[in-house]
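One-based numbering, in listed order, for ligands and for the atoms of each.
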Amino acid sequence: MIERTNLLIGGEWEEPATGDTFEVRSPHDQEVVAVVPKAAPADADLALERARTALGGPWATTSPKERAELIRQLSAALQGRSQEIAATVTAEMGSPAKFALFGQVFAATSVLDGYAEVLESFSFEETRNGIISPVLVQKVPVGVAAGIVPWNVPLVISSFKLGAALAAGATIVLKPSPEAPVSSFLLADALIELGLPPGVVSILPGDADLGRHLVSHPFVDKVSFTGSSAAGRIVGATCGELLKRCTLELGGKSAGIILDDADLTTTVPQLLDAGLQNNGQVCAAQTRILVPRSRHAEIVDAMADHIRSLVVGDPSAPDTDVGPLVAGRQRDRVEGYIAAGLDEGARLVVGGRRPSGLDAGHYVEPTLFDDVDNRSRIAREEIFGPVLSVIPYADDDEAVALANDSDFGLSGSVWTTDTDRGVAVAGRIRTGTCAVSSGIVVDPKSPFGGFKASGIGREMGPEGLAAFLETRTVVLPPG
Ligand code: NAD
């Protein structure tokens with residue numbers, strides 16, 4: 001069992017303001033995995049005070065080159081702890097070991113490396129010809145940021161925010177979630193070794209109340225929130241009222257469109273993996289599978305066969321494909337959607353129950369529904385579990401219309417043997433990201449974010465760095 005007693009506040013280990021703790025239990029067998037401090041508002045106040053002071057200290061004079069180097073060192077320090085981080089995330093939230101090394105660790109370090117690379121060629125100042133006189137247009141740090149993080153890929157989302165803040169020369173207080181706070185202490189260990197100037201980074205695992213405290217705190221200039229669309233609306237409303245800069249990365253209901261020329265031997269395993277990875281708990285999961293009527297039965301059969309071959313069980317076992325859901329309430333939610341799918345007349349092809357022999361954990365079988373109506377709840381709402389819906393279509397136009405008929409707009413994919421055709425279809429999808437014949441739907445050096453209810457703003461790439469900067473114009477003397 002892991003035990004931690006101190007919090008990373010402004011780059012130092014500090015005793016928490018209260019003795020409150022999170023007891024984290026394994027979603028596989030309910031054993032206690034860790035006890036870690038739960039941060040209180042007083043801890044946040046101290047962290048924000050230090051973060052604000054740091055903006056006027058040595059951190060303010062670091063060069064982009066120095067900051068890029070620090071980000072690369074942090075990435076290397078996390079890579080050096082890969083196995084420990086992967087095992088910790090698996091233990092705290094049930095991410096299968098098969099996925100965790102790539103999806104929980106490499107994804108995080110490649111996001112940091114991506115920010116370092118973007119930073120090295122980013123222009124922080126340019127001279128322009130104004131109408132009356134020349135001007136300098138400068139990019140300056142946004143100030144103090146609050147980064148609010150969900151439990152599904154905790155260090156990846158932390159890296160989205162931390163990488164941008166370090167690249168920009170801003171300071172940041174990260175708030176990991178109550179479900180997956182443990183791995184954030186390994187990130188804190190790596191940050192301590194880095195020797196950042198005091199005040200630049202704090203990590204405060206806490207609940208939604210602490211999140212609200214951070215969002216409304218007068219010392220916070222920018223909120224970078226990742227989580228559900230429901231919570232994102234509340235965070236966005238507070239930021240609007242207080243005129244804080246705000247990035248919202250929210251839920252999704254992405255469509256994987258299989259075109260009629262797709263090669264099923266490569267498409268089916270990759271697309272199903274893009275829907276079921278991390279036990280279906282991925283914001284960009286491809287959960288609506290649009291299939292051409294001309295190949296409907298063939299595709300559904302191939303998918304059902306593949307799903308039946310998946311190993312469901314202990315996430316720490318090396319051959320496990322699908323592990324447990326993060327918590328009992330998440331399983332209740334997923335089972336509620338399975339019941340809704342049956343009620344609404346979808347055809348259950350495979351799964352739908354709790355797997356036998358795994359009663360101690362929060363397990364649900366990987367589940368495939370066919371003949372799903374795109375207007376039904378299982379096609380419209382984010383389930384966040386291993387439940388996929390097949391929706392048949394007649395032609396490419398109908399596929400595009402169905403994909404776009406969603407309240408969300410985060411991600412998507414198009415599967416075809418003709419890349420030009422795939423790119424043309426991808427260009428008609430109203431989502432922040434769309435992949436062609438690939439289940440890798442996020443690129444660590446490229447902007448990621450949502451249209452519609454999937455969020456506002458972008459993370460990663462130059463756009464993600466710009467979201468942690470303010471733009472200032474210095475008007476020079478005329479002539
Ligand atoms: P959640 O909205 O319940 O919580 C997310 C984080 O916000 C947690 O740290 C939580 O404590 C905090 N929080 C909750 N309410 C808050 C409030 N009113 N003010 C401030 N902070 C608050 O989401 P979750 O269950 O932890 O995560 C799953 C959700 O996250 C899914 O909807 C998923 O799609 C989304 N997600 C989105 C992305 C993305 O990049 N778009 C990535 C991962 C997860």
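Atoms of ligand 1 lying under 4.0 Å from at least one heavy atom of Ser177, given by number and element, are 9 (O). For ligand 1, the atoms sitting less than 4.0 Å from at least one non-hydrogen atom of Asn152 are 43 (C), 44 (C), numbered in the order shown with element in parentheses. The ligand atoms of ligand 1 that sit less than 4.0 angstrom from a heavy atom of Ile148 are 6 (C), 7 (O), 9 (O), 12 (C), 20 (C), 21 (N). Heavy-atom proximity to Leu410, at under 4.0 Å, picks out these atoms of ligand 1: 41 (N). Heavy-atom contacts of Phe448 reach the following atoms of ligand 1: 40 (O) (cutoff under 4.0 Å).
Looking only at heavy atoms of the protein, atom 24 (P) of ligand 1 is closest to Trp151 NE1, 3.4 Å. Nearest protein neighbour of atom 36 (N) of ligand 1, counting heavy atoms only, is Cys283 CB, 3.5 Å. In terms of protein heavy-atom proximity, atom 28 (C) of ligand 1 is closest to Phe384 CE2, 3.6 Å. Scanning the protein for heavy atoms near atom 8 (C) of ligand 1, the closest one is Val149 O, 3.5 Å. Among protein heavy atoms, the minimum distance from atom 3 (O) of ligand 1 is reached at Ser228 OG, 4.1 Å. Nearest protein neighbour of atom 18 (N) of ligand 1, counting heavy atoms only, is Arg212 NH1, 3.3 Å.
With respect to Arg375 and Glu344, no salt bridge is recorded, no charged nitrogen being found less than 4.0 Å from a carboxylate O. Taking 4.0 Å as the cut-off between side-chain N and carboxylate O, Arg354 and Glu335 count as a salt-bridged pair. Between Glu179 and Arg329, at least one side-chain N (NZ, or NE/NH1/NH2) sits under 4.0 Å from a carboxylate O, which counts as a salt bridge.
Rounded to the nearest 0.5 Å, atoms CE (Met460) and OG (Ser159) are 10.0 Å apart. The structure places CD1 of Ile157 at 6.0 Å from CG of Asn152, a figure rounded to the nearest 0.5 Å. In this structure, Asp221 CG and Leu242 CG are separated by 11.5 Å, a value rounded to the nearest 0.5 Å.
Less than 4.0 angstrom separates atom 21 (N) of ligand 1 from at least one non-hydrogen atom of the protein.
Residue Thr226 holds the heavy atom nearest to atom 5 (C) of ligand 1 of all those in Ile157, Thr226, Leu214. The residue among Ser229, Gly227, Ala327, Gly251 with a heavy atom at the shortest distance from atom 35 (C) of ligand 1 is Gly227. Atom 34 (O) of ligand 1 has its nearest heavy-atom neighbour, among Glu382, Glu459, Arg333, Met460, in Glu382. Proximity annotation for atom 16 (C) of ligand 1: of Pro181, Ala208, Pro150, Ala208 comes nearest, heavy atoms only.
Judged by the 6.0 Å distance and 45° axis criteria, Arg4 is not positioned over the aromatic ring of Phe185. In this structure, Lys139 forms no cation-pi arrangement with Phe122, as its terminal cationic atom is not both closer than 6.0 Å to the ring centre and no more than 45° off the ring axis.
The shortest side-chain heavy-atom distance between Trp415 and Gln270 falls under the 4.5 Å cut-off. Counting heavy atoms from C-beta outward, Leu196 and Leu70 have side chains that approach closer than 4.5 Å.
Backbone and side-chain nitrogen or oxygen atoms of Phe160 are examined, and none is located within less than 3.5 angstrom of a nitrogen or oxygen of ligand 1. Between Val235 and ligand 1, not a single N/O pair is under 3.5 Å apart. Ligand 1 has an N or O atom lying under 3.5 Å from an N or O atom of Lys175, backbone or side chain. Of the polar atoms of Ser454, none of the N or O atoms is found under 3.5 Å from an N or O of ligand 1, judged by distance alone.
With a 6.0 Å radius and a threshold of 12 heavy atoms from other residues, nucleotides or ligands, Leu194 has its CG atom above the threshold.
The proximity of Thr238 to ligand 1, defined as any non-hydrogen pair under 4.0 Å, does not occur for either the backbone or the side chain. With a heavy-atom cut-off of 4.0 Å, Leu210 does not touch ligand 1 at all. In Leu250, the part holding a heavy atom less than 4.0 Å from any atom of ligand 1 is the backbone.
Side chains of Gln30 and Ser26: no donor on one and acceptor on the other come within 3.5 Å.
Residue Lys445 forms a side chain to side chain contact (heavy atoms under 4.5 Å, CB included) with just one option from Val111, Val118, Asp113, and that option is Val118.
Taking the ring centroids of Trp151 and Phe384, they lie under the 6.0 Å cut-off.
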